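From a predicted model like this one, the values you see are computed outputs, not experimental measurements.
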Amino acid sequence: CRELPDRIGRSALRQATSAGAKLVRDDAKTKAPIYTGPVSQGHPPPGTLRKQIYMKRDNGSSGPQKQVFIVAVRSGKKFQSVGKKGANQDAYYWRFVEFGTVKMTARPYLRPAFEAQKMNAVTAIANVLRERIDAEARNLNRK
């Protein structure tokens, strides 16, 4: 019984975990509410929350045996003047929408996206791993 080389195993695991995280990210984007009221001067335009949901690999927590991807919302001062027109893209308010405040009811979108997609993500991860391992095994047998 041969083992997959570390490079291939790490690559396959990264690709598989990424496929699962994409499902959660995409569902969170569809569930994120879009503000429809009037926008005050200097505040982000409607749809900013949805646009600022992203996923990335956590290099500090990832390794050869484990890949960690984060689905989160971009926020902070560095996003206050972004783009050609210097538009405010700071989605600092994401946590107010997700968890609510004393004056505002919560409208969660990240947690429901995770709950809705976690089994689909596991299936996607398993499918990608199966495909990659089978392909690598065929390649090793040819050599």
Side-chain angles (χ1 to χ4, degrees), residues 1-40 43-85 87-143:
C1 176
R2 294 189 217 171
E3 292 184 18
L4 286 175
D6 284 346
R7 176 187 61 80
I8 295 168
R10 185 173 34 250
S11 171
L13 187 57
R14 183 181 301 146
Q15 186 179 15
T17 310
S18 173
K22 283 178 187 174
L23 292 173
V24 176
R25 179 202 60 199
D26 293 346
D27 196 30
K29 283 186 174 196
T30 61
K31 288 180 180 346
I34 295 178
Y35 182 68
T36 56
V39 179
S40 303
H43 285 88
T48 299
L49 178 60
R50 191 171 279 188
K51 289 177 194 170
Q52 296 297 52
I53 295 173
Y54 71 101
M55 64 170 239
K56 75 172 191 168
R57 182 173 166 267
D58 183 2
N59 293 329
S61 299
S62 296
Q65 313 291 306
K66 173 175 91 169
Q67 295 295 314
V68 178
F69 279 79
I70 297 168
V71 176
V73 181
R74 288 183 192 95
S75 62
K77 285 193 173 201
K78 67 181 177 181
F79 296 105
Q80 288 180 353
S81 293
V82 178
K84 295 176 184 173
K85 297 179 183 177
N88 187 350
Q89 295 295 311
D90 181 9
Y92 65 90
Y93 54 89
W94 74 267
R95 60 187 54 82
F96 306 144
V97 177
E98 178 74 13
F99 300 109
T101 66
V102 172
K103 297 181 181 182
M104 184 177 108
T105 305
R107 295 180 62 194
Y109 54 96
L110 286 173
R111 292 171 295 159
F114 173 74
E115 290 299 324
Q117 294 300 323
K118 66 183 174 186
M119 292 313 296
N120 293 336
V122 169
T123 302
I125 291 167
N127 289 340
V128 171
L129 278 175
R130 187 177 306 109
E131 290 168 11
R132 287 292 308 272
I133 290 170
D134 288 346
E136 293 302 328
R138 282 192 301 274
N139 289 339
L140 289 174
N141 288 335
R142 288 181 190 154
K143 293 179 182 180

- Query: Atom OG1 in Thr17, atom NZ in Lys66: separation rounded to 0.5 Å?
  - Reply: 11.0 Å
- Can you tell me how far CZ of Arg25 sits from OH of Tyr54, rounded to the nearest 0.5 angstrom? 12.0 Å
- Which heavy atom of Asp90 sits nearest a heavy atom of Ser75, and at what distance? OD1-CA, 3.3 Å
- Note on the structure: Rounded to the nearest 0.5 Å, the CZ atom of Phe114 sits from the OH atom of Tyr109 at a distance of 16.0 Å
- Message: Are the side chains of Arg14 and Phe69 in contact, using a 4.5 Å heavy-atom criterion?
- Response: yes
- Item | Short N-O contact, Lys22 and Asp26, less than 4.0 angstrom | no
- Message: Please report the interatomic distance OH(Tyr92) to OG1(Thr48), rounded to the nearest 0.5 Å.
- Response: 10.0 Å
- Item | Sub-4.5 Å side-chain heavy-atom contact between Gln52 and Trp94 | no
- Message: If we check side chain to side chain contact (heavy atoms under 4.5 Å, CB included) with Arg132, which of these qualifies: Asp134, Val128, Leu129?
- Response: Val128
- Item | Asn120 CG to Asn127 CG distance, which is reported to the nearest 0.5 Å | 10.5 Å
- Within the side chain of Glu98, is there an N or O that forms a donor-acceptor pair under 3.5 Å with the backbone of Arg111? yes
- Task: Looking only at non-hydrogen atoms, find the nearest pair between Ala124 and Leu23 and report the distance.
- Result: CB-CD1, 3.8 Å
- Can you name the closest pair of heavy atoms from Val39 and Pro44 and give their distance? CG1-O, 3.6 Å
- Within the distance-only criterion (no hydrogens, no angle test), does the side chain of Arg50 pair as donor or acceptor with the backbone N or O of Thr30 below 3.5 angstrom? yes
- Spatial distance of atom CD (Gln117) from atom NZ (Lys31) [nearest 0.5 Å]: 7.0 Å
- On a heavy-atom basis, the closest approach of Ala121 and Gly20 is CB-O, 3.6 Å
- Task: Please report the shortest heavy-atom distance between Ile53 and Ala28, naming the atom on each side.
- Result: CD1-O, 3.7 Å
- Over all heavy atoms of both residues, which pair between Ile34 and Pro46 is shortest? Give the atoms and the distance, please. CG2-CB, 4.1 Å
- Message: Using the side chain to side chain contact (heavy atoms under 4.5 Å, CB included) definition, which of the options Val73, Leu110, Leu49 pairs with Val97?
- Response: Leu49
